[in-house]
Amino acid sequence: MNLTLNVWRQNGAGDKGRMEQYQAKNVSPDSSFLEMLDEVNEELIREGKEPIAFDHDCREGICGMCSQVINGKPHGGQDRTTVCQLHMRSFKDGDAIFIEPWRAKAFPVLRDLAVDRNALDRIMEAGGYTSCHTGGVADGNALLIGKPEADYAMDAAECIGCGACVAGCLNSSAMLFTSAKVAQLATLPQGKVEAAKRVKSMTAELKAQGFGNCTNHYECQASCPKGIDVKFIATLNREYIKALVK
Amino acid sequence: MQLTENSVGRKLLMAVTGALLLGFVIVHLLGNSSVFLGPDGINSYAENLHNLGPIVWVFRLVMLGLIVVHIWFGVSLTLENSAATPIGYASQEYRRATFSSRTMIYTGLALLAFIIYHLLHFTVQITDVEFAARQNMDAINRPDVFGMVVNGFKQTFTTVLYVVAMIVLFLHLSHGVQSILQTVGLSNDKSLPVVTLAGKGLAFVLLLGYISIPILIIAGIVKI
Ligand code: HEM
Ligand code: FES
C-alpha cells in the first residue's frame, strides 16, 4: 500500500517546527507502524536527508517508550494498542496520515516526534514508592492480600508510563498516570502506611511540573494503550479527601 | 492552604460549590412551581420567604460566596489548563470528551451573565422600572409576585432569553452532575455510566421544569 505521511519535524528544542509531507511506498500491511517509519527513514538516509526521530524500545507494547499521536489519537487510537503494536493493516491504501508528538507544556519536544517525559519521573520521585523496608522476597501468601485488592492493584499497575493520557487530555493533565500509581500503592498493605503523604505530594508535583488540572473529560482512558480506568482517578480523589481529614 | 493550592483540592471546591448550586437550582424550581397554584400560591410563598428577615440575607450571602468560589476556581483552572496545552494537534479527534464537557467555561460564564440579568429582572426589578414604580400589591396587600412574573414573561424577548439560559444550564449540568461524583471520589467503572445518564436526565428534567413557566405564560395558559 501507498500512504501520504504528514509528520511533525522539529530540529531540536529551539526550533519552531513544522509539518512535512512524505510518501511511504509499497508498505506491507503486515508491518508495524514503527517498521513503516523505519523504511521511510531508510529512504531518507539514502537521499542524504535527516531521518525522522521517534522514541521506541521494546516494540512489544510493554516499555511505554513509543509515543506518537496518529490522526489526532495517541498511539493511533486502536483499543489497548501501543504504536509499536499498531499494524499497517488498520490503514487503507492511499490514506493520508498525520503523525505528531505528544503535546503538553510539561513534555517539551526534543526532536521531531521525541519528547522529554522526565516530568512523569518527577511525579514518581514525589512519592510513587514505599519507603519501608520490605526485606528479601517474602514467602508467597506470608502477607495476606485479598484477591479483589490484588486484582485492583494489578489493574492499576498495568500503566506503562508512556504518557498517552497526558497527550490525549484536553488539559494536558497527568491525572490518570498519577492516580494509577496512587491507587496501586494505597490498595496494598506496604503502600497504605504513606498513602496520605503520597497523594498530597504527588498531586502537588503534578502542578509543579506544569501539567493541567483534571476536568473529567475521560479522554485519558480512551487514549491509554493499557485501558487504565478513570475509576482510579476517583480513588485518588478519595485518597486526597482522606488525607485532608487525617 | 492545601485545598486552594492543590490541583485536586481546587477541583473539590468546584465540585462542592457546584453541588450546592445544583441543590439551589432544584429547590428554586420547586419554589417557582408555586406559580401554577395561581396568585395565592406564589405570593404567599414569596411573603413567607421575606418574613424570614435576616435569614434571607444570610442565605443570599452564602449563595454569593458559593458563586464567587465556583467562578474563581472555574476561571483559574481553565486558564491554567490552557497554559498547560500551548500547542494543539493538527488533526484532533475526541472520543470521550463531550460538547458540554468542552464548553463548561462558556456555559458557566453565560450562566453568570444570566444570573445578573435575572436578579435585575425579578429581585431588583430595574429592567421593568414602570412595574417596580407601581408597587403592585395583590388583593390582600402582599407584593404581587404572580403579576410580576406573568407580566414579565409576556414579552417574547424575555421568554426566549430565559429558555436559552435554561438550555445553557442543561449543558452545564449534563457534564457537571457526574463530574461532582467523580471529583468527590464517589464513582467507579460500574456507577459512572449510570450516573452520567442520570445526571443528564436530572439536567433535562430541570430544563423542562424551568421553561414550562415562561412557555405556559406566553401561551396564555397561565394568566392573570
Ligand atoms: C456563575 C457562573 C458559573 C461559572 C463561571 C461556572 C463555571 C464552571 C466551570 C468552568 C466548571 C468546570 C470545572 C471542571 O470541569 O472541573 C464548572 C463545573 C460545574 N458547575 Fe459551574 N459555573 C457557573 C455556574 C454554575 C451554576 C449556577 C451551577 C449550578 C447549577 C453550576 C454547577 C456546576 C457543576 C455541578 C460543576 C461540576 C463540578 C465538578 O467538576 O466536579 N455552575 N462550572
Ligand atoms: S516500544 Fe515499548 S511499548 Fe512501544
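Protein chains get the first letters and strands the later ones, always in sequence-line order, with residue 1 at the start of each.
Remark: B/Ser34 pairs with no residue by the side-chain hydrogen bond (donor to acceptor under 3.5 Å, both in side chains) rule, at least two apart or across chains.
Aromatic ring pairs are classed by plane angle as parallel below 30°, tilted from 30° to 60° and perpendicular above 60°; the pair B/His118 and B/Phe114 is parallel.
Interface remark: A/Leu236 contributes side-chain atoms only to the contact with chain B (heavy atom separation under 4.5 Å). Only the side chain of A/Leu206 comes within less than 4.5 Å of a heavy atom of chain B; its backbone N, CA, C and O stay farther away. A/Tyr240 touches chain B through its side chain: at least one heavy atom from C-beta onward sits under 4.5 Å away, while N, CA, C and O do not. Contact annotation for A/Thr235: neither backbone nor side-chain heavy atoms come within less than 4.5 Å of a heavy atom of chain B. Proximity to chain B is limited to the side chain of A/Gln221, based on heavy atoms less than 4.5 angstrom apart. For chain B, the nearby part of A/Asp229 is the side chain; its heavy atoms alone come within less than 4.5 Å. Contact annotation for A/Glu100: only side-chain heavy atoms (C-beta onward) come within less than 4.5 Å of a heavy atom of chain B. If you measure heavy-atom distances from A/Ser173 to chain B, you find no contacts under 4.5 Å at all. If you measure heavy-atom distances from B/Ile87 to chain A, the contacts under 4.5 Å come from both the backbone and the side chain. Within the 4.5 angstrom heavy-atom criterion, only side-chain atoms of B/Arg10, from C-beta onward, approach chain A.
Residues A/Gln209 and A/Glu205 bring a donor and an acceptor atom of their side chains to less than 3.5 Å of each other. Between the side chains of A/Asn171 and B/Thr85, not a single donor N or O lies within less than 3.5 Å of an accepting N or O. At a cut-off of 3.5 Å, with distance as the only test, no side-chain donor of A/Gln78 or A/His75 sits close to an acceptor on the other residue. In the model, B/Ser100 has no side-chain atom that pairs as donor or acceptor with a side-chain atom of B/His175 under 3.5 Å.
For residues 102-125 of chain A, heavy-atom neighbours of chain B at less than 4.5 Å comprise A/Trp102, A/Arg103, A/Ala104, A/Lys105, sorted by residue number.
Considering only heavy atoms from C-beta on, A/Asn6 stays 4.5 Å or farther from A/Ile99 through its side chain. Taking the side chain as every heavy atom from C-beta outward, B/Tyr210 and B/Val25 approach each other to under 4.5 Å.
Interface remark: of the candidates A/Val166, A/Asn71, A/Leu170, A/Leu170 forms the most heavy-atom pairs closer than 4.5 Å to chain B. When each of B/Val184, B/Leu186, B/Asn188, B/Asp189 is checked for heavy-atom pairs under 4.5 Å with chain A, B/Asp189 comes out on top. When each of B/Ser187, B/Gly88, B/Ala83, B/Ala90 is checked for heavy-atom pairs under 4.5 Å with chain A, B/Ala90 comes out on top. For the options A/Cys220, A/Ala243, A/Gly168, A/Ala167, heavy-atom pairs under 4.5 Å to chain B are most numerous at A/Ala167. Between chain B and the residues A/Ala204, A/Ser172, A/Gly77, A/Ser223, the largest count of heavy-atom pairs under 4.5 Å involves A/Ser172. Of the listed residues (A/Pro101, A/Gly212, A/Ala222), the greatest number of heavy-atom pairs within a distance under 4.5 Å of chain B belongs to A/Ala222.
Taking a cutoff of 4.0 Å between a charged side-chain nitrogen and a carboxylate oxygen, A/Arg18 and A/Glu20 qualify as a salt bridge. The pair B/Glu93-A/Lys73 meets the salt-bridge criterion, since a charged nitrogen lies less than 4.0 angstrom from a carboxylate oxygen.
In this structure, A/Phe33 has its ring center under 6.0 Å from that of A/Phe91. Taking the ring centroids of B/Tyr162 and B/His121, they lie under the 6.0 Å cut-off. You'll find the ring centres of B/Phe122 and B/Phe153 inside the 6.0 Å limit.
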- [ ] Give the intermediate values and the outcome of side-chain contact (heavy atoms from CB on, under 4.5 Å) for residues A/Lys181 and A/Cys159.
- [x] CA-CA 8 Å; A/Lys181 310 302 170 191; A/Cys159 169; 3.5 Å; yes
